[in-house]
Amino acid sequence: GSNNIGDLVFGTSATANAPAERMRITSSGRLLIATSASQGKWNNSSGDDHIVQIESTSAFSQSWISHSTSSTAGVQLDVGRSRGSSDGDTTVVNSGDLLGHLCFQGADGSQFVRGARIAATVDSTPGADDMPTRLTFETTADGASSPTERMRIDNGGNIGIGINNPGDYHANARDLVLANGMTIAHATTAHMYFADSSSGTGEYVGQFNYQHAHDRFQFVAGNTEFFRAS
């Protein structure tokens with residue numbers, strides 16, 4: 001390692017030549033891996049707030065986390081936050097607090113612009129061993145510079161597509177709430193099944209079908225056709 005105007009630089013070399021830089025800790029405390037320059041054009045050039053930055057022109061620039069064990073345990077990546085003001089603080093978060101997000105960004109020629117985002121947000125009052133949280137999935141429309149929520153899974157497991165309050169609907173039918181309808185596409189026959197078990201005829205005890213070849217709708221219950229329109 002060497003000190004360069006306040007930066008701590010680490011380099012390696014497979015030959016006797018001068019080592020190439022591999023990692024740098026800047027004077028402001030940022031960790032740079034595979035790059036020597038801190039990137040300040042993320043988030044629509046709103047500022048450089050990344051403590052760790054990995055940037056490479058190599059085709060093999062992915063990061064890898066691996067875990068080997070004979071048990072059922074797997075790799076776990078934890079993202080957490082508190083409302084504390086010091087390291088290790090566990091001050092309780094509030095409803096509406098963002099716990100963390102995964103943001104996908106692309107360069108527009110001069111800066112990096114948000115393209116899509118997956119966010120985890122507290123969506124009810126938390127307490128001891130109680131952390132109600134929702135997941136939201138966002139995409140950026142053509143002509144826009146920031147993502148818009150498209151789908152939400154709330155703390156009760158209800159899914160809303162194009163709607164942000166699926167839990168407000170009837171308890172018997174809010175597992176999936178659609179704002180603008182649904183399309184079922186198939187080249188021959190489109191099916192909608194109603195099941196009361198996960199095996200045998202119970203998997204399709206009720207059916208609503210559209211048959212393209214005959215241009216007709218069919219409703220079947222208990223293997224008996226009750227309705228046909230063609």
Side-chain angles (χ1 to χ4, degrees), residues 42-47 49-50 74-85 89-106 108 111-186 190-198 202-210 217-221 227 229:
W42 291 101
N43 298 316
N44 305 61
S45 295
S46 61
D49 56 358
H50 297 84
V75 173
Q76 178 171 314
L77 178 62
D78 292 318
V79 178
R81 66 156 293 186
S82 78
R83 276 189 165 259
S85 58
D89 204 323
T90 57
T91 302
V92 65
V93 292
N94 294 340
S95 180
D97 282 356
L98 176 68
L99 295 182
H101 66 252
L102 177 62
C103 189
F104 303 87
Q105 305 191 27
D108 68 353
Q111 61 185 354
F112 285 88
V113 179
R114 303 179 187 94
R117 191 173 84 143
I118 302 172
T121 307
V122 182
D123 68 347
S124 191
T125 303
D129 292 325
D130 178 25
M131 192 56 58
T133 301
R134 67 174 179 261
L135 277 178
T136 56
F137 299 80
E138 307 168 1
T139 62
T140 299
D142 189 16
S145 60
S146 61
T148 299
E149 180 178 330
R150 310 299 185 185
M151 185 175 77
R152 173 180 297 207
I153 305 175
D154 68 15
N155 71 72
N158 308 300
I159 302 174
I161 299 179
I163 195 165
N164 61 12
N165 60 334
D168 292 349
Y169 290 82
H170 196 286
N172 291 337
R174 64 187 181 197
D175 289 345
L176 176 62
V177 182
L178 308 176
N180 299 307
M182 177 176 63
T183 298
I184 302 175
H186 194 275
H191 298 280
M192 181 181 291
Y193 289 157
F194 300 86
D196 57 17
S197 73
S198 58
E203 293 180 281
Y204 48 89
V205 68
Q207 302 176 44
F208 187 66
N209 307 318
Y210 176 71
F217 288 99
Q218 178 190 43
F219 180 74
V220 178
F227 173 81

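By convention here, the first residue in the shown sequence is residue 1.
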side-chain contact (heavy atoms from CB on, under 4.5 Å) assessment of Arg83 paired with Asp97 | CA-CA 9 Å; Arg83 276 189 165 259; Asp97 282 356; 2.7 Å; yes
Verdict with reasoning, Ile153 to Asn158, per side-chain contact (heavy atoms from CB on, under 4.5 Å) | CA-CA 6 Å; Ile153 305 175; Asn158 308 300; over 6 Å; no
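Once rounded to the nearest 0.5 Å, the distance linking CZ of Phe104 with CZ of Arg117 reads 12.0 Å. Between atom CG of residue Leu102 and atom CG of residue Leu135 there is a gap of 11.0 Å, rounded to the nearest 0.5 Å. With rounding to the nearest 0.5 Å, the separation of CZ in Arg152 from CG in Asn164 is 4.5 Å. Note that the CD atom of Glu149 and the CD1 atom of Ile163 stand 10.5 Å from one another [nearest 0.5 Å].
Put simply, the side chain of Pro166 reaches to within 4.5 Å of the side chain of Asp154, judged on heavy atoms. Contact annotation: the side chain of Ile118 never approaches that of Thr136 to less than 4.5 Å [non-hydrogen atoms, C-beta and beyond]. Asn209 places a side-chain heavy atom less than 4.5 Å from the side chain of Tyr193. Side-chain contact check for Ile159 versus Met151: some heavy-atom pair is nearer than 4.5 Å.
For Phe208, the ring pair (Phe, Tyr, Trp, His ring centres under 6.0 Å) partners are Phe217, not counting sequence neighbours. Looking at residues two or more places apart in sequence or on another chain, you find a side chain to side chain contact (heavy atoms under 4.5 Å, CB included) between Ser124 and Pro132, Asn155. Scored by the ring pair (Phe, Tyr, Trp, His ring centres under 6.0 Å) test, His101 finds no partners at all (sequence neighbours excluded).
Counted by atom type alone, Asp123 and Thr121 present zero donor-acceptor pairs between their side chains at under 3.5 Å.
Under the ring pair (Phe, Tyr, Trp, His ring centres under 6.0 Å) criterion, the residue pairs touching residues 111-161 are Trp42-Phe112, with sequence neighbours excluded.
Across all their heavy atoms, Asp130 and Thr125 have their closest contact at OD2-O, 3.8 Å. Nearest heavy-atom pair across Pro126 and Ser95 is CD-N, 4.1 Å. Contact record, Met131 with Val122: SD-CG2, 4.0 Å, taken as the closest heavy-atom pair.
Checked by atom type and distance alone, the side chain of Asp108 pairs as donor or acceptor with a backbone atom of Gln111 at under 3.5 Å. With Asn165 contributing its side chain and Asp168 its backbone, the two residues share no donor-acceptor pair below 3.5 Å.
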Without placing hydrogens or testing angles, list every side-chain donor-acceptor pair under 3.5 Å for residues 139-147, not counting sequence neighbours.
residue : atom : partner : partner atom : Å
Thr139  : OG1  : Arg150  : NE           : 2.8
Thr140  : OG1  : Arg114  : O            : 3.0
Thr140  : OG1  : Gly115  : O            : 3.0

Which side-chain N or O atoms in residues 172-183 pair as donor and acceptor under 3.5 Å with protein atoms at least two apart or in another chain?
residue : atom : partner : partner atom : Å
Arg174  : NH1  : Gly167  : O            : 2.9
Arg174  : NH1  : Tyr169  : O            : 3.1

